[in-house]
Amino acid sequence: MLPPDNHVHTEWSWDADAGSMEASCARAVELGLPSIAFTEHFELTRWVIAPQSQGVLERDTGMVAPDGRFDAPPLDVEGYLECLQRCRDRFPGLRILSGIEFGEPHWHRDELEALLHGGAWQRVLGSLHSLELRDGPWLVDELYEAYATGGLDPDGVIRAYLAEAVRMVESSDPFQVLAHIDYPVRRRPASAKPFEPADFEEELRTVLRALASSGRALEVSTVVPLRPEIVRWWHEAGGEAVSFASDAHVPSAVARDFGEAATMVEAQGFVPGRDPHDFWCRRPSGGAGAARTGP
Ligand SMILES: [Zn+2]
Ligand SMILES: [Zn+2]
């Protein structure tokens, strides 16, 4: 059985026009997933958008304010929860979890606590999508644009991202999972040296140690996908739980490459939870297959 998909977007996320909660449930049933979590975007950070991208975003979304900052539309929580209930009624054999992908929780602590107070969110992902530069928070994707015009170099973007991730993880904000630790790799310029975790080992291990101490789970995203050595360092850091994520924005991407990801994660010492809906957890020492270690 494939692991649960704990990170899926639908039509309720501002950047998932082609998303569909109902079709994503149908896809999950077709794949035999034990559960699926719909973790829609909740973005309160007003990103600085590079001038060359403003026209594109304006045209595509109409969400760039006169001051050049991006304003993500608010999540319609009520509409989302009603849709979730309709899907639960329609797909009784699938466990459908409520969730949220909360951008930069450490910068919006009161708002996150208010949101969590107002409802029973079953999966709360903490995501870092932007980094503070001189003039405000820049969407990481846009930082590479800044690089083209004399900003941070691509390795600098990754190091700055991991340093901010430590600050986020060391906060006591109530999120359960660190989403996409490798997020800046997604848009790394093709002209840069290919990403190698070993080049950032100390920085990655620092984030993973802080995350393990916080008791939160590490997300294994299949977008890049996450490299095995990072999962091995997670195990060595004492990490307890792994959360699988397609970060799908269309139904066909639900549980994308989960078979390969599950095999990789198992080789690094993690196994399915007692309940198939749970996060995967460390293989108990001395248990079956305990001697097996990955590359
Ligand atoms: Zn994200
Ligand atoms: Zn996402």
Side-chain angles (χ1 to χ4, degrees), residues 3-21 24 27-28 33 35-47 49 57 61 63 70 72-75 77 80 84 96-108 111-112 115 121-131 137-144 157-158 160-162 164-165 168-169 173 175-188 207 211 216-226 230 242-258 261 279:
D5 194 339
N6 283 312
H7 187 157
V8 175
H9 298 276
T10 73
E11 68 271 34
W12 298 97
S13 282
W14 63 267
D15 64 345
D17 288 344
S20 161
M21 194 184 287
S24 299
R27 178 69 181 144
L33 288 194
S35 68
I36 186 168
F38 294 114
T39 51
E40 312 297 352
H41 287 293
F42 203 99
E43 293 289 352
L44 297 173
T45 305
R46 300 187 71 238
W47 301 318
I49 302 297
L57 272 169
T61 65
M63 299 168 200
F70 181 79
L75 171 64
V77 172
Y80 160 83
L84 200 78
I96 300 171
L97 305 183
S98 62
I100 205 84
E101 180 178 8
F102 199 96
E104 293 88 24
H106 57 318
W107 296 347
H108 310 286
E111 292 87 344
L112 175 57
L115 178 73
W121 301 94
Q122 292 164 296
R123 289 283 177 266
V124 180
L125 314 180
S127 285
L128 188 57
H129 292 128
S130 62
L131 294 176
W138 281 65
L139 185 61
V140 168
D141 314 38
E142 296 284 314
L143 283 172
Y144 290 124
V157 169
I158 293 180
Y161 184 89
L162 295 172
E164 190 61 40
M168 192 175 101
V169 161
D173 303 308
F175 63 94
Q176 303 167 313
V177 179
L178 172 64
H180 48 53
I181 192 173
D182 58 355
Y183 183 73
V185 180
R186 294 186 187 183
R187 297 289 173 90
R188 190 168 164 89
V207 178
L211 186 65
R216 298 187 183 95
L218 176 72
E219 179 179 278
V220 171
S221 171
T222 57
V223 174
V224 171
L226 192 67
I230 299 177
V242 166
S243 178
F244 289 85
S246 67
D247 208 348
H249 285 64
V250 291
S252 60
V254 166
R256 173 208 310 105
D257 302 330
F258 268 28
F279 294 135

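Just so you know, ligand 1 is whichever comes first in the structure, and atom 1 is the first atom listed for that ligand. Quick note: residue numbers are just sequence positions, from 1. Bear in mind the structure is a predicted one, so any value in this text is a computation, not a measurement.
With hydrogens and angles ignored, the 3.5 Å screen pairs a side-chain donor or acceptor of Thr10 with a backbone N or O of Trp12. Formation of a donor-acceptor pair under 3.5 Å by the Tyr80 side chain with backbone atoms of Phe38 is found in this model. With hydrogens and angles ignored, the 3.5 Å screen pairs a side-chain donor or acceptor of Arg216 with a backbone N or O of Phe175. Formation of a donor-acceptor pair under 3.5 Å by the Glu219 side chain with backbone atoms of His180 is found in this model. For the pair Ser13 (side chain) and Asp15 (backbone), a donor-acceptor distance under 3.5 Å is absent.
Taking the Zn ion (ligand 1) as reference, the nearest N/O/S atom within His129 carries the name NE2.
The aromatic rings of His41 and Trp14 lie tilted to each other, with the angle between the two planes from 30° to 60°.
Sorted by chain and number, the protein atoms of type N, O or S within less than 2.8 Å of the Zn ion (ligand 2) are His7 NE2, His9 NE2, Glu101 OE1, Asp247 OD1.
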